[in-house]
Amino acid sequence: MTATSVTASRSGARVERLPLARFTTLGVGGEAEVWFVGNHEQLAEALEAPYRVLGGGSNLVVADEGVPERVIRLTGPLAEADLTPDPDLSDAETVVTGWVGGGVPLPGLIRKLQKLGLSNLEGTVGIPAQVGGAVWMNAGTRYGEMFGGLHTLEIVTPGGTRQVTPDELDWGYRRSGLSRGHVVSRVRLKLRRSAPEEVRARMDFADQARKGQPKMKTPGCAFKNPGGVPAGRLIDEAGLKGTRIGGALIAPEHGNFIVNLGGASSRDVHALLDLIRERVGVPLELEYELWPEQG
């Protein structure tokens with residue numbers, strides 16, 4: 001298969017070999033076989049060989065050589081949202097929605113919920129993810145996280161499909177409790193009724209806290225906050241803000257962000273991550289997902 005060839009799988013999924021850099025917010029990453037799947041039949045076929053799932057491409061650093069596994073992207077019905085309240089589960093204060101596909105872009109979903117006056121997820125405003133990936137890592141900010149607005153998760157693995165509730169998972173800060181390889185195909189949201197202008201005010205407040213973050217190509221925060229101490233503060237105290245290797249830079253605005261100045265490679269980014277670990281005086285846990293994994 002060449003870089004420009006497009007084929008269809010037996011279930012009708014579109015399959016194309018593409019550079020993963022075009023799907024990541026950092027803009028680095030080599031080629032892989034990408035499967036665009038729009039329904040459960042296509043997803044089941046895609047899971048028949050080693051695979052990875054790629055959502056909005058934030059929080060991800062892909063090797064310059066790409067990855068050998070097929071890469072799955074959720075499209076079609078698996079990227080659509082039914083926000084109609086379930087009459088059996090909703091009441092005057094709470095709304096449980098229909099199914100929201102894992103491929104739905106999170107920023108657009110948050111805007112729709114605001115217009116409907118539905119609260120619980122506005123704290124995730126500005127996160128450039130898709131729903132499935134955001135749920136898988138419990139993406140969020142200090143003002144809210146994905147598990148604050150979930151009712152049911154539909155999980156697909158090579159062994160089949162199952163539905164779980166948040167209470168059945170060991171979720172927490174930046175983790176869902178789901179193992180690698182679990183595909184969050186759809187979710188149902190549990191939201192609180194509110195006035196649209198009140199939801200907007202909370203979104204604006206959360207968004208204001210992000211004003212100091214860089215606007216260039218970035219995967220987001222590089223490291224989790226150790227023991228509640230901001231990792232960005234530790235990196236700043238180590239004198240690393242503004243450090244550049246190749247086309248990658250530790251952002252002057254915020255030390256916990258690495259940005260692509262243009263032409264950065266995955267190797268450049270890894271070199272900065274290694275430098276931060278070496279110079280900061282406490283162990284740091286990556287918030288980025290690395291393809292392929294290291295160690």
Side-chain angles (χ1 to χ4, degrees), residues 24-26 55-61 106 120-129 133-150 153 166-180 182 184 202-203 205-216 218-245 248-259 266 268-295:
T24 68
T25 59
L26 179 60
S58 60
N59 205 59
L60 176 64
V61 180
L106 183 60
N120 282 357
L121 288 178
E122 57 267 29
T124 65
V125 64
I127 296 176
V135 170
W136 190 86
M137 70 163 293
N138 192 22
T141 68
R142 75 187 79 169
Y143 302 107
E145 56 192 356
M146 288 302 298
F147 270 71
L150 296 181
L153 296 76
D167 289 343
E168 298 174 70
L169 299 173
D170 181 26
W171 61 273
Y173 173 61
R174 300 298 179 269
R175 60 179 174 83
S176 62
L178 295 170
S179 302
R180 190 172 304 280
H182 286 64
V184 181
R202 288 190 288 271
M203 288 173 61
F205 184 79
D207 193 47
Q208 186 65 33
R210 303 168 60 87
K211 296 303 182 184
Q213 297 179 4
K215 305 303 179 185
M216 303 179 71
T218 175
C221 290
F223 295 98
K224 298 179 181 180
N225 295 328
V229 179
R233 181 196 303 169
L234 298 174
I235 296 167
D236 186 14
E237 291 172 350
L240 292 174
K241 285 203 304 188
T243 301
R244 175 176 179 173
I245 295 179
L249 175 78
I250 299 175
E253 302 94 332
H254 194 307
N256 202 21
F257 285 76
I258 293 176
V259 300
S266 179
D268 297 337
V269 175
H270 280 273
L272 284 178
L273 293 173
D274 290 342
L275 177 64
I276 291 170
R277 289 192 185 97
E278 177 185 331
R279 294 274 294 274
V280 172
V282 300
L284 293 176
E285 182 181 354
L286 265 184
E287 193 160 320
Y288 293 164
E289 184 177 358
L290 305 179
W291 285 10
E293 298 74 17
Q294 294 187 337

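Everything numeric in this text was worked out from a predicted model, so none of it was measured. In what follows, residues are counted from 1 in the order of the sequence shown.
- At a threshold of 4.5 Å between non-hydrogen side-chain atoms, the residues V280 and F223 do not count as touching.
- Between D236 and R233, none of the side-chain N atoms (NZ, or NE/NH1/NH2) sits under 4.0 Å from a carboxylate O, so this pair counts as no salt bridge.
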Worksheet item: Where do Y143 and V125 land on the side chain to side chain contact (heavy atoms under 4.5 Å, CB included) test, with the steps shown first?
Response: CA-CA 9 Å; Y143 302 107; V125 64; over 6 Å; no

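- Checked by atom type, the side-chain pair W291/E289 shows a donor-acceptor distance below 3.5 Å.
- Of the residues R175, K224, R174, the one that meets the salt bridge (Lys or Arg N to Asp or Glu O under 4.0 Å) test with E285 is K224.
- Residues C221 and Y288 come closest through the heavy atom pair O-CE2, 3.2 Å.
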Discussion item. Could you walk me through whether T124 and T141 satisfy the side chain to side chain contact (heavy atoms under 4.5 Å, CB included) test, starting with their C-alpha distance in whole Å, then the side-chain angles of each, then the deciding distance to 0.1 Å, before giving a yes or no?
Written reply: CA-CA 6 Å; T124 65; T141 68; 5.9 Å; no

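- Ion pairing of E293 with R180 is present here, as a side-chain N (NZ or NE/NH1/NH2) and a carboxylate O approach within less than 4.0 Å.
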Discussion item. Please evaluate residues L60 and L290 with respect to the criterion side chain to side chain contact (heavy atoms under 4.5 Å, CB included), reporting the C-alpha separation (whole Å), side-chain torsions for both, the decisive distance (0.1 Å), and the verdict.
Written reply: CA-CA 6 Å; L60 176 64; L290 305 179; over 6 Å; no

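- Across L26, T24, L286, a single residue satisfies side-chain contact (heavy atoms from CB on, under 4.5 Å) together with V61, and that is L26.
- A heavy-atom distance below 4.5 Å is not found between the side chains of W171 and L178.
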Fill in: Chi angles and distances behind the side chain to side chain contact (heavy atoms under 4.5 Å, CB included) call for I258, L249
CA-CA 6 Å; I258 293 176; L249 175 78; over 6 Å; no

